[in-house]
Trainee: 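Structure in structure tokens, see below.
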There are 2 protein chains.
Amino acid sequence: MPLDPLTSTFAALADPTRRAILARLALGETSVMELAKPFDMSLPAISKHLKVLEHAGLISRGREAQWRPCRIAPASFKQVDGWLGNFRRFWDESFNRLDGLLEEMKAEEAAKAPPHTTRKVRVKKEKQRGRTRG
Amino acid sequence: MPLDPLTSTFAALADPTRRAILARLALGETSVMELAKPFDMSLPAISKHLKVLEHAGLISRGREAQWRPCRIAPASFKQVDGWLGNFRRFWDESFNRLDGLLEEMKAEEAAKAPPHTTRKVRVKKEKQRGRTRG
DNA sequence: GTCGTATTTAACCCATAGGTTATTTAACCG
DNA sequence: CGGTTAAATAACCTATGGGTTAAATACGAC
């Protein structure tokens, strides 16, 4: 029974070894051996961690001779950030204050700055704060 | 042995029930009873989930007669977002493209926006940090 | 083929996470 | 006080997660 994506992703992130592995991979793709070095832990343990990360969509693995180079995979990170976005107003002051205006400015500027940008900056208009205590 | 904050926070988020509780709380603070309603689960189970969330710093709880209203607590969310920031360049295109420039513009613009209106909006100079979703 | 290196799989152990029911604490009300 | 509601705790059960060692697999070199 497969867990939903967010659950397996958060579960994968809930381990310091795996987060350290991701931090290492942020510096560039590398082998299992290389990844294992910093840890006082058997290789099979690392292998398991990598499997968890892969299953969570946080890394992907290639094949290069007998090495299996690992690299960061973006999708799950993006999904986590998307989920976090639902709560951003609770802790990001600027999200509630200037961002409406500034994001517009930004979008405007972005629209004419790059010669051919296919990217559109979406402007989210967050009008009212969630009133606590009804 | 207490887990480091990120670990307990991610662990807390790695459960759909708890994420659903947080989603409900994003709408406003409420009681345990109210939080429990949508779930086909005993009250003690919910109580445990709330304890996990509280321990992870994702919610805080008050006291109002016999109710223990729960509400979102920002700090841990912020910390997760901060950690995610280390990887943002992998999935946020704009983070690698325009954001450096645009965030500067933003700060600049914001800095002179409130001419001398004492009570306007405070702007903190941020390090470059892309946050365009989409 | 055989050897060497990199990595995974298998089999196992133990701690803990998530659920249960039954009991207890806390606070209001009459 | 006793009764009712809200919530937490206790005791328990089972599945899973993170680690181990030993064995198997995949690939390149010879």
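Residue numbering restarts at 1 for every chain, and letters A, B, ... go by the order of the sequence lines.
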Trainee: Does A:P5 have any side-chain contact (heavy atoms from CB on, under 4.5 Å) partners at least two apart in sequence or in another chain, and if so, which?
Mentor: A:Q79
Trainee: Expected output is a numbered-order residue list: members of residues 7-19 of chain A with a heavy atom under 4.0 Å from any atom of DNA chain D. What is it?
Mentor: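 Going residue by residue through residues 7-19 of chain A, the ones with a heavy atom under 4.0 Å of DNA chain D turn out to be A:D15, A:R18.
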Trainee: For DNA chain C, determine which residues of residues 31-47 of chain B have any heavy atom closer than 4.0 angstrom to one of its atoms, and list them numerically.
Mentor: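 Here the set is B:M41, B:S42, B:P44, B:A45.
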Trainee: Look up atom SG in A:C70 and atom CG in A:L35, then write down how far apart they are to the nearest 0.5 Å.
Mentor: 5.5 Å
Trainee: If you compare every side-chain N and O of A:R61 against the phosphate oxygens of C:dT7 (OP1, OP2), does one of them come in below 4.0 Å?
Mentor: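 No.
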Trainee: Return no unless some side-chain N or O of B:K48 is found under 4.0 Å from OP1 or OP2 of D:dA7.
Mentor: no
Trainee: Less than 4.0 Å between a side-chain N and a carboxylate O, is that true for A:D4 and B:R19?
Mentor: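 Salt bridge between B:R19 and A:D4, a charged N being under 4.0 Å from a carboxylate O: yes.
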Trainee: Between C:dG18 atom P and B:K51 atom NZ, what is the distance in whole Å?
Mentor: 13 Å
Trainee: Which donor-acceptor pairs under 3.5 Å do the side chains of residues 23-30 of chain A make with protein atoms, sequence neighbours left out?
Mentor:
{"residue": "A:R24", "atom": "NH1", "partner": "A:G28", "partner atom": "O", "Å": "3.2"}
{"residue": "A:E29", "atom": "OE1", "partner": "A:R71", "partner atom": "NE", "Å": "2.9"}

Trainee: Quick one: list whatever passes side-chain hydrogen bond (donor to acceptor under 3.5 Å, both in side chains) with B:E34, sequence neighbours left out.
Mentor: B:K37
Trainee: What residues, two or more places apart in sequence or in another chain, satisfy side-chain contact (heavy atoms from CB on, under 4.5 Å) together with B:M41?
Mentor: B:T17, B:F39, B:A45, B:I46, B:H49
Trainee: If I take atom NE2 in residue A:H55 and atom C1' in nucleotide D:dG17, what distance separates them, rounded to the nearest angstrom?
Mentor: 14 Å
Trainee: Please identify each residue that fulfils salt bridge (charged side-chain N to carboxylate O under 4.0 Å, His left out) with B:R68, with sequence neighbours left out.
Mentor: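 Checked B:R68 against salt bridge (charged side-chain N to carboxylate O under 4.0 Å, His left out); zero matches.
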Trainee: Going by side-chain hydrogen bond (donor to acceptor under 3.5 Å, both in side chains), name the residues that satisfy it together with A:S47, two or more places apart in sequence or in a different chain.
Mentor: none
Trainee: Just by protein heavy atoms under 4.0 Å, how would nucleotides 24-30 of chain C read 5' to 3' in B, S and -?
Mentor: --SSS--
Trainee: In chain order, what residues pass the ring-ring contact (aromatic ring centres under 6.0 Å, His included) check against B:W83, with sequence neighbours excluded?
Mentor: B:F10, B:F87
Trainee: For B:E54, give me all partners under side-chain hydrogen bond (donor to acceptor under 3.5 Å, both in side chains), at least two apart in sequence or on another chain.
Mentor: B:R61
Trainee: Give the rounded distance in Å between these two atoms: CG of B:L53 and C1' of D:dA7.
Mentor: 16 Å
Trainee: For B:A12, check side-chain contact (heavy atoms from CB on, under 4.5 Å) against everything at least two apart and list the hits.
Mentor: B:R18, B:V52, B:L53, B:A56, B:L58
